[in-house]
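For reference, the structure is listed below as structure tokens.
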Amino acid sequence: MTSFDWFFVAAYLILSFGIALYFYQRAGEDTSEFFLSGRAMPWWLAGTSMVATTFAVDTPLLVTEIVAQNGIAGNWLWWNAAIGGMLTVFFFARLWRRSGVMTDVEFVEFRYSGRVAAWLRGLKALFFGLLLNILIIGWVSLAMETVIDRLFPDLTLFGQAAFSVLGREMSAALVVTGGLILLVAVYALLSGLWGVMVTDLFQFAVAMGGTIALAVLVLDMPEIGGVAGLREQLPDETFNLLPTIGGAAEGAATFSLSALAFAAYAGVQWWASWYPGAEPGGGYIAQRMMSAKDEPNALFATLWYTIAHFCLRPWPWIIVALAALVLYPDLDEPRAGFVLVMKDVLPPGLLGLLFASFLAAFMSTVSTQLNWGVSYLVNDFWGRFVRPDADEAHYVRVSRVLTFGVALLSLVVTLFLDTIAEAWGLLLSASAGLGLVLILRWYWWRVNAWSEMAATLAPIGLTVTALVLNVFGVQVPGLQADFPLNLYSVVGFTTVVWLAATFLTRPTDAETLDAFYRTVHPGGPGWTPVAERHPDVTPDSGLGRLALDWLVGVVLVYSTLFGTGYLILGWTLWGAGCIAVALTAAAYLWRDLQRDEISLIEMKEEKDATEER
């Protein structure tokens, strides 16, 4: 790193804090401004913020490891989630914006009634806002430590390479990472969501620009020889875009799945499990949808996010990952190949720019996690159970204190995280079956708080039971299968449990259901008993057309994904064909969404006239 490189890093940090200071006064007006930007966010900013947040510093490193182990097709471990992403676009984005809640945890008491709804809200606020949040920040911090350690292998602070904190060794790289976390906490508590989102836009531009430059430069290396050189030096199976169903060639870098495993990924995981920042369930993606200035902006924000997240963003990472396989074929830690390519390929100035892009990826993720998690702690725990009668100024002060406190806690947790291996599969297993309740609560009046409580606890209990039985060597057929095959048993068990809880307990109070229906006016036959009590409310219609839009949207995502990849890899005919399909799907959706936007305007006018009467 030369002085020219450090100039880019310093300029990036100064500009980020400048944005935070600019929005300081606006964020302090009330909690709606602090957590939801006053519900005035345009679609392009909200959608780009979603993409920037999911561009964590560990993501390109993880993609590098996946490509090294399973080829390009290994990315289906997360590409399959595009199906659920498109479900959000057409079935949930407008409903979240229409609900008017501050957080998706507040939604619990908006949709359900009774003491169990309050318990569920409080538990989810602490679990998601505190426990899960600091674990995610700790996870991302480990990846940032890896980047700093590889770029600066001789880094020492105060003459030491490592320190002892709470009985754990803390490397100099982790000390620097901890300082970055606290810096992020400062600008997140200063700026609120407006500052976080505008900074996300800037950070996303820096991060994507840096990774695209790296991909172009590494292809120009004589050792690589462009895409043609990659294809000559790596096995053909490495470039497969689809997983192999069944066996794979011995020693080949390809992603092989059994038919049952493929069905679990493509047909079960995307709707059955909850995972951070995605539907079903809300998270910071729902926070962005609720911050949009209206329903069409919420929909288009989520559509842009889904396309950019799955189709466009991964390809620079994949190119660098393929080049790392050629340049460093015997790495013990394949994920470190991305950082080594940075060190060996980039000239002065560009190395600083890409390091700044890693800072951007890290800081955008941490800032969102802090703002999102603290919104639960303040709105759904402190403001609901501790100080429900305080003024807005009090809640903003508490928000800023908790932002810094959560940052400190996450740094402590990072000290005790040794590995993230299998953590994602464990999380998806421990929430398998909950997703169906989170979907149906919008479309079936009979789902109640006990349904969601049972669906939350049942898979956790079953997953813990499986782990305990493994310790004692006890095997139960189907229960202890590896992920994703275990989804079948966990989802089946959870579904039976929550259905039983639903029909063995009283339904949500009619008053709560009526208020929800009049605010959200959900459609479908699942609300018929409630709709009969409110003939003056026009519910959403055309669910069949939305289902068709969803399927066309899925075609749009995967044809864009494949088309971009085929064109980059030199299969021009296949790429052109996929892009033609994508353009056709996009034209259909644009026409349909324009018609839908007109109907939404008419519905809003009708609702306003009814309220006026």
Side-chain angles (χ1 to χ4, degrees), residues 62-63 65-87 237-275 278-281 310 420-440 455 458-470 473-499 547 550-551 554-555 557-558 561-562:
L62 179 60
V63 169
E65 185 175 276
I66 287 173
V67 172
Q69 295 173 347
N70 297 307
I72 296 175
N75 288 285
W76 277 96
L77 290 169
W78 62 280
W79 278 347
N80 72 82
I83 306 172
M86 275 298 169
L87 196 72
E237 294 85 359
T238 307
F239 299 91
N240 289 344
L241 301 190
L242 289 168
T244 301
I245 308 301
E250 187 175 351
T254 187
F255 189 40
S256 176
L257 292 172
S258 68
L260 279 176
F262 179 75
Y265 278 123
V268 179
Q269 178 192 318
W270 59 267
W271 61 264
S273 295
W274 178 92
Y275 42 98
E279 285 286 358
F310 290 103
I420 60 172
E422 300 180 356
W424 199 248
L426 185 63
L427 175 62
L428 293 171
S429 298
S431 64
L434 171 61
L436 188 57
V437 171
L438 301 181
I439 292 172
L440 289 180
I460 295 175
L462 199 62
T463 302
V464 171
T465 300
L467 293 174
V468 172
L469 291 177
N470 279 337
V474 179
Q475 296 294 315
V476 178
L479 177 61
Q480 291 139 302
D482 292 334
F483 181 84
L485 293 178
N486 64 336
L487 290 179
Y488 293 110
S489 57
V490 179
V491 170
F493 174 78
T494 302
T495 301
V496 170
V497 170
W498 77 256
L499 282 174
W550 166 51
L551 293 175
V554 172
V555 171
V557 167
Y558 287 123
L561 172 65
F562 291 164

d(Leu436 CG, Thr494 OG1) to nearest 0.5 Å is 10.5 Å
The criterion is side-chain hydrogen bond (donor to acceptor under 3.5 Å, both in side chains); which residues satisfy it with Trp550, sequence neighbours excluded?
none
Atom CH2 in Trp79, atom OH in Tyr558: separation rounded to 0.5 Å?
9.5 Å
Closest non-hydrogen contact found for Met86 with Val557 is CE-CG2, 3.4 Å
Under the side chain to side chain contact (heavy atoms under 4.5 Å, CB included) rule, what do Asn70 and Trp76 come out as? Steps first, then yes or no, please.
CA-CA 10 Å; Asn70 297 307; Trp76 277 96; over 6 Å; no
Distance col, row Thr465:OG1 vs Ile460:CD1, nearest 0.5 angstrom, shows 11.5 Å
Could you go through Leu241 and Phe562, starting from their C-alpha distance and side-chain angles, then the distance that decides it, and tell me whether this counts as side chain to side chain contact (heavy atoms under 4.5 Å, CB included)?
CA-CA 7 Å; Leu241 301 190; Phe562 291 164; 4.0 Å; yes
Taking only residues two or more places apart in sequence or in another chain, which ones pass side-chain contact (heavy atoms from CB on, under 4.5 Å) with Val268?
Trp271, Ala272, Leu487, Tyr488, Val491
For a quick test of reading the model, state the closest non-hydrogen atom pair linking Ala455 to Gly433 and the distance between them.
CB-O, 4.5 Å
Show the nearest heavy-atom pair for residues Phe239 and Ile72, with the distance to one decimal.
CA-CD1, 4.0 Å
Derivation and outcome, side chain to side chain contact (heavy atoms under 4.5 Å, CB included), residues Val67 and Asn75
CA-CA 8 Å; Val67 172; Asn75 288 285; 4.0 Å; yes
Any idea which heavy atoms bring Ala432 and Pro459 closest together, and the distance?
O-CB, 3.4 Å
Where is the tightest heavy-atom contact between Ala458 and Val497, given as atom of each residue plus distance?
CB-CG1, 4.0 Å
